[in-house]
2 protein chains.
Amino acid sequence: MTDNLTLEDIARLAGVSRSTVSRVINEQESVSDEVRQRVRQVISETDFRPNQAARTLVTRRTYVIGLVIPRSTSTFFADPYFPRLTMGIAEACNRANYSLSLYLFHTEEDEKRLFPRITRKGLVDGIIIQATQAADVLFTQIAKSDVPYVVAGRPLNAPNVSYVDVDNVAGAHNAVRHLIRLGRRKIAHIAGPRDTTVGLDRIEGYCKALSESGLAIDENLTAECDFTEEGGYYSARRLLAQKPDAIFVGADMMAIGAMRAVREAGLRVPKDIAIVSFDDLPPATLSNPPLTTVRQPIRRLGLKLVETLLDIIENGPTPPRRVIFDTELVIRESCGERR
Amino acid sequence: MTDNLTLEDIARLAGVSRSTVSRVINEQESVSDEVRQRVRQVISETDFRPNQAARTLVTRRTYVIGLVIPRSTSTFFADPYFPRLTMGIAEACNRANYSLSLYLFHTEEDEKRLFPRITRKGLVDGIIIQATQAADVLFTQIAKSDVPYVVAGRPLNAPNVSYVDVDNVAGAHNAVRHLIRLGRRKIAHIAGPRDTTVGLDRIEGYCKALSESGLAIDENLTAECDFTEEGGYYSARRLLAQKPDAIFVGADMMAIGAMRAVREAGLRVPKDIAIVSFDDLPPATLSNPPLTTVRQPIRRLGLKLVETLLDIIENGPTPPRRVIFDTELVIRESCGERR
DNA sequence: AATGATCTTGGGAGCGCTCCCATTTCGGGG
DNA sequence: CCCCGAAATGGGAGCGCTCCCAAGATCATT
């Protein structure tokens, strides 16, 4: 068990040549049944495992894909979004017999030091990279290293790039329209950072719904913050001064924070203030009241990212692939009834 | 940029030999400053990256460690525990210049098919594996493949194995003692599965605290379930029939569920029923009321796991390393005041 | 000026695999 | 019974690197 067997050893034991053993392992046709069986026997008896590095050296394939999560990780993993996405990606990798390497960057220094390692040949066959403002620097590096890659979420300043995203504009639009339909007229928005497309797109959907219904867009009704519970809390406190009758919040975690602020102000959800948010992660069901929220198909996002990346690995990066998933408004209690 | 440079190419461009370039890259001493600089220049001009597979083939080191999360992943990533642990592990990997490969198994079939791949030579230098009942089968496999490994959490039936865990017995003991100190006398327990050491150890701590204080141990006051919010909810509903005045819950997520059940029964936390739980994950702060809970040093757990694994890789698996971290009771509102 | 000792450099060998081409084996038709 | 094409098998070359040993350069010492 502690030995270091090679193809040659197996060949000797089975009384055949190295090439034949290789053929058996790689399930190629032209091997007689009798020989194939004998070799298989020896392989299982010796518990032989071919050396992956040697294979990679000649085939130029590692069967590993990298998942890169740029800086601001701290925010990331506090949010259940990323674990979910990771699960979807891992599931697809398992299915395709790929390994998944996780690169969580904590600091800019991490990125500077580690990123070149990733794009080194022989480490990964391709990369899935999360779109963030911090990622923008990495895009140029990654592009020039010609490692195949695909972006999770729409990148901000990167044309000709393949990505998989959800339709944030339509999702937000739909959510706000729902609030309007229910009779709310002074709808505030707690937005994600404006230097992310997620933040921008949801603002766009929000504005679109307002103007379609002839409602004024008031700059003071939009607050911008990061995707944390804390951020939502403080943003809501600020917005409450404007006396809105509803808030469209750009993420579930922020909505949890916002509801805390509303409660502390002595107001009630949904009676005084209706709330609709985005994501539909577990906290949305558990909160009190449960959140009406725009569901993202996170698992499918993960699966599609892997599928797209493998396609790019196989067939090259042109033309850029773009996949946009639809969202679905899940109605619970935080938005209230029609007035 | 699209070329496939080798050491030999760099050597030619710099007017030196392959060996010298190798020395420069591996930061070995005996290279004159002038030559070193010239080679570095060429490397950065050409953006050369050495081929990792070729290196691995000769050095027998991949600089990759694998994180294996056995089946029941679905539970895992719904719980913020694993993302946190993963972050700690990733941080330590970054620091040590290792890559982290994530193996999330969803089904038993995954394990059967994928696990042999992982223990294949040339894929990882070592493995961190989460202790679960499902992991037990894997231990034997992993052990006989002689890939270095370390277990996260105390494994159930595995002597001579290295692991890193927190002191679950002491943590639970301390939590329950706190409830007793506050004047509670009929303390129920919602336990994790009895086929995990986490479940068992916390039960042990619970019983220990009761008997120390001369309180009877009533089987009907302990409910067992998985680590989910739902599980906590239904367990609490069952336990409420016994009219306890406190519940020690084996995990924050279950405590959230338990509080929901208590609320629905028209009782109040902590007035009617005091609650103390285990983990101190973000939901513990966000819940209403905030949870008194036993804090686990999850990040440190992750760092130590990597440190231990690297030690084993370097110096061999004997003697087995065992690290047990202390926990800390974080007092918030769910346990109430002294009666 | 010659001699070691030390520092620097070059090239061969080999890691374990896949791929290609050459060779052997086999079976059926003339 | 021989010949030829197809199927099965073997072995060389080479992937890009590290490691080792030998050779060349450099310098102080006698």
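Below, chains carry the letters A, B, ... as their sequence lines are ordered, and counting in each starts from 1. All values below were derived from every heavy atom in this structure, side-chain atoms included, with hydrogens, water molecules and symmetry-related copies excluded. The structure displayed is predicted, hence computed values, not measured ones.
- Rounded to 10 degrees, the angle separating the terminal axes of the helix from dA1(C)-dT30(D) to dG30(C)-dC1(D) is 60°, with each axis obtained from five end pairs.
- A donor-acceptor pair is defined here as one N or O able to donate and one able to accept, closer than 3.5 Å; no such pair exists between the side chain of Ser22(B) and the backbone of Arg18(B).
- For the pair Arg61(A) and Tyr63(A), the cation-pi criterion (under 6.0 Å, within 45° of the ring axis) is fulfilled.
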For a quick check, with a 4.0 angstrom heavy-atom cut-off, what is the B/S/- contact string for nucleotides 15-23 of chain C, read 5' to 3'? BBBBBB---

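- In this structure, the CG atom of Asp33(B) is 15 Å from the C1' atom of dT26(D), given to the nearest Å.
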Check the pair Phe115(A), Tyr103(A) against side-chain contact (heavy atoms from CB on, under 4.5 Å), reporting the backbone distance first and the verdict last. CA-CA 9 Å; Phe115(A) 203 73; Tyr103(A) 296 94; over 6 Å; no

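- Among the heavy atoms of the strands lying under 4.0 Å from Ser32(B) are primed sugar atoms or P, OP1, OP2 only; no base atom is included.
- Side-chain atoms of Ser162(A) come within 3.5 Å of backbone atoms of Arg321(A) as a donor-acceptor pair (strictly under, hydrogens ignored).
- Listed for the Arg36(B) side chain is a donor-acceptor partner under 3.5 Å among the backbone atoms of Val31(B).
- We find that CD of Glu34(A) is positioned 13 Å from C1' of dT25(C), with the value rounded to whole Å.
- Ionic pairing of Arg12(B) and Glu8(B) is not present here: no N-O contact between side-chain nitrogen and carboxylate oxygen is shorter than 4.0 angstrom.
- Judged by distance alone, the side chain of Asn94(A) and the main-chain N or O of Leu104(B) form a donor-acceptor pair under 3.5 Å.
- With respect to Glu307(A) and Lys304(A), a salt bridge is recorded, a charged nitrogen being found less than 4.0 Å from a carboxylate O.
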